[in-house]
Amino acid sequence: MTTVSSAPVQPLLLPAPSPRAHTSSAPPRNARRDHSIPSSLILRKTMRGEFSQSFQLFRELLASGWTPDEFALGSLLKASSTLSDCCLGEQLHAKSIRAGLASERGVRTSLVAMYSANGLLGEARHVFDEVPLAEEADVPTWNSVISAYAFHGYYDECFLLFGAMLGAAQLTPTDATYAIVISACSASKEVRIGKAIHAMIQKDQMLDEIKMHNSLISMYAKWGHLEEAQKVFEAMAARDVVSWNAIISGLEQHGECENALAFLRRLAGLKAPPVVQPNRITFLSALSAIATISGLKLGKEVHARLIRSNLGGETSTGNSLITMYGKCGEVETGRLTFEMLPSRDVISWNSMLSGYAQNSQLGSCYELFKAMQLSGSRPDFHTMTILLCAMSPGSVSSSSCRLGREIHGYLVRRAAVKSLPVSVYNGIITMYFKCDRVGDAEKVFKGMSERDSHTWNSMIDGCSTNERYRDAMLLFVEMHTQGFQPDHSTFSIILTVCSRLVSVELGKQLHASAVKQCLHASSPLTFSLSVNNALVSMYSKCGSIDDAAQLFGRMPKRDVFSWTAMITGFAHHGMAYRSIESFEAMKADGIRPNAVTFLGLLSACAHAGLVEEGAHYFNLMNKESDAEPSIEHYACLVDLFGRSGQFEKAEATIEIATSHLGLEGVSCLWLWKVLLGACHARKQLELGIRVGRRILEVDPDDETTHVLLSNIYAAFGLWKDALEVRRLMREKGLKKEAGCSWVEIGNRKHVFVAADGFHENRKEIYEKLEELDEKCRDIGYVPMTDYVLHDVDEAQKEAVLRYHSERLALSFALLHTGRRKGGAIRVIKNLRVCEDCHRWMKFASEVEGMEIILRDSRRFHSFRKGKCSCGDYW
């Protein structure tokens with residue numbers, strides 16, 4: 001028999017018979033003395049966890065001639081279970097046989113538990129099988145052996161014993177029995193048996209209703225049957241804090257964070273007196289949910305409640321607060337919480353490091369790591385993974401990349417390469433991708449002897465963020481080939497690749513692949529919220545807003561991310577009123593909008609010129625969400641006022657944002673650039689010049705500002721000023737981004753520039769364009785030459801307009817697709833479409849009798865029957 005404890009065991013009594021030779025010459029019961037005082041002393045020490053002292057006392061008492069009773073032996077057997085000391089337990093078993101106590105219920109139950117704790121199920125079952133027929137109604141022993149099988153994953157044996165227990169007339173399952181079997185159903189996902197247990201509990205009036213229902217809530221929640229869990233919860237006549245913890249934790253762990261927080265509000269009485277006093281477990285689950293949805297305002301309320309409950313100083317709650325503040329962008333508040341913790345563990349340090357990493361504060365992250373080492377707290381592999389993943393692509397410098405390589409070297413030196421966890425390798429891969437060292441990331445990947453789904457996800461995501469979309473798709477295929485099943489994250493990443501490629505055909509293939517994966521019995525993928533949300537986002541970003549809306553309508557459940565994807569999708573397609581309708585439906589559905597939801601809604605109003613609505617929803621933001629307005633929200637408001645001609649309000653909004661957000665210098669230039677774009681669109685010469693000069697005073701090399709200023713001058717015929725701006729650009733080496741458009745035909749991307757003369761089908765393309773242009777003129781199209789910002793004659797201006805890249809791309813697509821019934825042509829342009837091409841596309845859609853979807857740098861335009869989805873406002 002193998003001993004679990006490595007420490008030498010001092011024999012309790014020698015010699016001792018084998019515990020399997022259950023022969024006993026026990027003294028008569030009436031010959032025993034009263035041993036209650038020694039037994040009480042031993043019991044008290046074991047209950048305090050003073051195991052060494054309790055065994056020492058036991059030896060001294062034995063030496064004095066004392067004979068142990070069942071209470072002393074039972075408590076010592078439990079102590080040996082806690083110590084996982086099999087040899088000690090066997091000696092106690094032998095002693096109980098010599099004392100004639102092996103058949104006592106308390107001792108027998110403790111023996112089963114002791115052998116189970118040491119993984120010796122055979123010995124545990126042997127003890128159970130020796131229960132005398134006269135004592136078969138010993139329910140605690142039955143519970144003990146059923147629990148042993150459940151603990152070690154032998155669920156069939158567990159259920160068989162439970163069935164045998166039900167079949168014995170003299171046995172009645174107790175609360176503890178049902179709790180054990182429900183736990184086994186949860187772990188084994190035996191839904192049929194679990195529901196049968198539920199029915200038995202409903203009929204048994206002798207059970208503790210609260211305890212049983214708590215176990216059922218946890219069971220349904222672990223299965224992901226959240227509606228059933230909520231039904232059980234709502235049906236309870238009375239609840240304790242465990243009931244609330246079970247439902248809140250279950251919802252949070254399955255991504256139902258908004259719903260979980262709704263239960264928290266009911267429990268904690270954040271707006272009313274509390275129903276039941278929440279405890280530490282309640283707040284840990286709540287903080288995790290708040291961190292997921294970035295609900296800063298509610299997070300601060302929970303923090304205040306923790307302080308009032310004297311729980312704010314606990315390490316576990318402090319760690320969760322630090323994590324929550326980091327994910328909500330309040331990293332400095334997180335640091336203050338970190339500094340105020342009375343004691344810190346490695347999780348505290350890792351939580352704070354993660355906060356800095358998530359908010360791209362690399363310097364603070366590395367400084368804290370140094371402080372961690374000086375404090376004597378030993379970094380673990382997770383610490384290193386955080387540091388490796390800390391770099392964001394926009395903030396990576398040569399020094400941070402060098403530090404990443406040093407960490408890689410440190411890890412290799414610290415542990416044998418083969419002993420490094422896969423998670424650390426995944427962090428190294430992510431670090432190299434962020435440093436734009438794709439080759440190094442590939443070397444690490446190829447050198448790994450073991451990979452998991454996160455490894456493949458890191459590689460696919462790294463290729464995607466480095467614009468190596470073809471490599472990302474090939475890795476996805478290779479992942480399949482090597483037998484790895486894609487999970488939710490995999491499909492979210494690969495669908496993002498489709499969105500960046502604006503390839504709806506590829507997206508549809510992946511959608512079909514996801515459906516097949518879900519139907520496969522061994523697949524880890526189900527059509528969860530995250531997969532559905534990714535599909536809705538992909539379809540809307542690829543220009544198929546109708547497909548996105550249909551998929552959204554079929555979703556059995558929706559969360560804040562589902563609604564936000566739909567609201568933002570409608571906004572990008574110029575369907576402002578549908579965005580607003582979706583927002584109101586979302587609120588009616590009980591979902592609280594977040595900062596991104598409001599950003600999509602404000603963007604919809606700005607794209608449609610809905611000034612009153614936009615201002616209303618901006619003011620509503622603080623009331624309806626836990627997020628504060630950011631620079632992105634203020635930018636939408638500036639764009640809304642500027643493009644509607646309310647320039648005084650636009651400037652006032654910039655001043656308010658600058659003050660509210662504490663912006664200065666370069667940090668507030670974005671808002672002024674938005675206003676400059678509005679000046680260009682609304683032909684505001686004086687204001688445009690003033691704003692442009694203000695931007696160039698801070699950032700004299702901003703190419704976008706130079707281009708917009710030149711265009712504003714040219715629009716007013718101020719050619720000398722326009723040429724001067726262009727001369728300055730040449731001197732500074734600044735170049736205007738070249739306009740181009742592309743279409744995807746037969747899984748191949750065809751790119752065009754204005755007056756393109758290099759395409760292999762250029763002759764046919766120009767012939768088709770001339771034909772299409774002629775048809776457009778026949779039904780009323782007249783070139784808008786005012787939008788040609790060059791000092792040339794009218795004929796030259798018309799020629800410039802005629803051969804814009806988007807027209808060439810459309811002509812090529814028409815040559816190769818024809819008039820597909822129910823189909824649409826998708827054209828992508830890297831710059832904002834000019835007003836003349838926008839008007840020409842409307843005529844082209846009427847002439848060809850089909851839908852043309854054009855995505856420019858700002859949004860989608862869906863042209864049908866001579867009209868555009870944007871309502872000619874963009």
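The basis for the numbers below is simple: all heavy atoms, side chains too, and nothing from hydrogens, waters or symmetry mates.
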K.L.:
Taking side chain as C-beta onward, heavy atoms only, is L814 less than 4.5 Å from L772?
P.N.:
yes

K.L.:
Under the rule for salt bridge (Lys or Arg N to Asp or Glu O under 4.0 Å), what residues qualify as partners of E798, not counting sequence neighbours?
P.N.:
R777

K.L.:
If you measure from the Lys or Arg side-chain nitrogens to the Asp or Glu carboxylate oxygens, is any gap between D702 and K673 under 4.0 Å?
P.N.:
yes

K.L.:
Looking at E806, is its backbone amide N or carbonyl O close enough to the side chain of S741 to form a donor-acceptor pair, meaning the two atoms are under 3.5 Å apart?
P.N.:
yes

K.L.:
Any carboxylate oxygen within less than 4.0 angstrom of a Lys/Arg side-chain nitrogen, looking at R762 and D756?
P.N.:
no

K.L.:
Salt bridge check: are R748 and E760 linked by an N-O gap of less than 4.0 Å?
P.N.:
yes

K.L.:
One thing to verify: whether R839 and E835 come together as a salt bridge, which I'm taking to mean a side-chain N less than 4.0 angstrom from a carboxylate O.
P.N.:
no

K.L.:
Using 0.5 Å steps for rounding, measure from the OH atom of Y469 to the OG atom of S503.
P.N.:
12.5 Å

K.L.:
Is R807 salt-bridged to D836, cutoff N-O under 4.0 Å?
P.N.:
yes

K.L.:
Could you pull out the closest heavy-atom pair between C605 and I580, with the gap in Å?
P.N.:
SG-CD1, 4.4 Å

K.L.:
Can you tell me how the ring of H607 sits relative to the ring of H572, calling it parallel under 30°, perpendicular over 60° and tilted otherwise?
P.N.:
tilted

K.L.:
Could D639 and R858 be called an ion pair, given the rule that one side-chain N must be under 4.0 Å from one carboxylate O?
P.N.:
yes

K.L.:
Could you tell me which non-hydrogen atom of I545 sits nearest to which non-hydrogen atom of M566, and how far apart they are?
P.N.:
CD1-CE, 3.7 Å

K.L.:
State, to 0.1 Å, how close A755 and L808 come at their nearest heavy-atom pair, and which atoms those are.
P.N.:
N-CD1, 3.9 Å

K.L.:
Just say parallel, tilted or perpendicular for the rings of H759 and F752, cut-offs at 30° and 60°.
P.N.:
parallel

K.L.:
Output, in order, the C-alpha distance, side-chain angles, deciding distance and verdict of side-chain contact (heavy atoms from CB on, under 4.5 Å) for T597 and T568.
P.N.:
CA-CA 7 Å; T597 314; T568 304; over 6 Å; no

K.L.:
Looking only at atom types and distance, does a side-chain atom of S464 sit under 3.5 Å from a main-chain N or O of I460, one as donor and one as acceptor?
P.N.:
no

K.L.:
Run D773 and Y781 through side-chain contact (heavy atoms from CB on, under 4.5 Å) and show every step you take.
P.N.:
CA-CA 9 Å; D773 191 64; Y781 166 69; 3.8 Å; yes

K.L.:
Taking D856 for the side chain and V833 for the main chain, is one N or O donor matched with an acceptor at less than 3.5 Å?
P.N.:
yes

K.L.:
T653 side chain to V638 main-chain N or O, any donor-acceptor pair under 3.5 Å?
P.N.:
no

K.L.:
Is the shortest distance from a Lys or Arg side-chain nitrogen in D872 or K867 to a carboxylate oxygen in the other one below 4.0 Å?
P.N.:
no

K.L.:
Where do L696 and H706 land on the side-chain contact (heavy atoms from CB on, under 4.5 Å) test, with the steps shown first?
P.N.:
CA-CA 8 Å; L696 293 177; H706 282 86; 3.4 Å; yes

K.L.:
Can F583 and Y617 be said to form a ring-ring contact (aromatic ring centres under 6.0 Å, His included), step by step?
P.N.:
CA-CA 10 Å; F583 179 78; Y617 286 117; 5.2 Å; yes

K.L.:
When you compare the side chain of L685 with that of L718, does any pair of heavy atoms fall below 4.5 Å?
P.N.:
yes

K.L.:
I need the minimum non-hydrogen distance between M586 and V560, along with the two atoms involved.
P.N.:
CE-CG2, 3.5 Å

K.L.:
According to side-chain hydrogen bond (donor to acceptor under 3.5 Å, both in side chains), who are the partners of S862, at least two apart in sequence or on a separate chain?
P.N.:
E851

K.L.:
So I494 and T496, do their side chains get closer than 4.5 Å, heavy atoms only?
P.N.:
no

K.L.:
On the 0 to 90° scale, with breaks at 30° and 60°, tag the H861-F863 ring pair as parallel, tilted or perpendicular.
P.N.:
parallel

K.L.:
Under 4.0 Å between a Lys/Arg side-chain N and an Asp/Glu carboxylate O for D546 and R864?
P.N.:
yes

K.L.:
Mind checking side-chain hydrogen bond (donor to acceptor under 3.5 Å, both in side chains) for Y803 and listing every partner two or more places apart, or none if nothing turns up?
P.N.:
E770

K.L.:
For a quick check under 3.5 Å, do S630 and E632 share a side-chain donor-acceptor pair by atom type?
P.N.:
yes

K.L.:
Would you say the side-chain atoms of S513 pair up with the backbone N or O of Q509, donor to acceptor, closer than 3.5 Å?
P.N.:
no

K.L.:
Quick test of your reading of the model: are K865 and E846 salt-bridged, counting only N-O distances below 4.0 Å?
P.N.:
no

K.L.:
Just by distance, do the side chain of S499 and the backbone of K541 share a donor-acceptor pair under 3.5 Å?
P.N.:
no

K.L.:
For the rings on Y577 and F570, is their centre-to-centre separation under 6.0 Å?
P.N.:
no

K.L.:
Kindly compute the distance separating CG (D699) from CZ (R694), expressed to the nearest 0.5 Å.
P.N.:
14.0 Å

K.L.:
Looking at E581 and R578, does any basic side-chain N land under 4.0 Å from a carboxylate oxygen?
P.N.:
no

K.L.:
If you measure only the distance, is there a donor-acceptor pair under 3.5 Å linking the side chains of R682 and S644?
P.N.:
no

K.L.:
Compare every heavy atom of G757 with every heavy atom of Y766, then report the nearest pair and how far apart it is.
P.N.:
OH-N, 4.4 Å

K.L.:
Looking at N761 and E764, would you say the former's side chain and the latter's main chain have a donor-acceptor pair under 3.5 Å?
P.N.:
no

K.L.:
Keeping T705 on the side-chain end and I695 on the backbone end, is there a donor-acceptor pair under 3.5 Å?
P.N.:
no

K.L.:
Is there side-chain contact between K587 and L620, with at least one heavy-atom pair below 4.5 Å?
P.N.:
yes

K.L.:
Does the separation of the ring centres of W719 and Y713 fall below 6.0 angstrom?
P.N.:
no

K.L.:
With side-chain hydrogen bond (donor to acceptor under 3.5 Å, both in side chains) as the criterion, how do S562 and D559 come out once you've worked through the C-alpha distance, each side chain's angles and the decisive distance to 0.1 Å?
P.N.:
CA-CA 5 Å; S562 318; D559 62 5; 2.8 Å; yes

K.L.:
For residues C498 and C542, report the shortest heavy-atom separation together with the two atoms involved.
P.N.:
O-SG, 3.5 Å

K.L.:
Is there a donor-acceptor pair closer than 3.5 Å between any side-chain N or O of H816 and the backbone N or O of F812?
P.N.:
yes

K.L.:
So, N619 side chain and A615 main chain: donor-acceptor pair closer than 3.5 Å or not?
P.N.:
yes

K.L.:
Please determine if K763 and E767 form a salt bridge, counting it only when a charged side-chain N lies under 4.0 Å from a carboxylate O.
P.N.:
yes

K.L.:
Does the pair L769 and E774 meet the rule for a side-chain contact (heavy atoms from CB on, under 4.5 Å), with working shown?
P.N.:
CA-CA 8 Å; L769 177 56; E774 193 64 35; over 6 Å; no

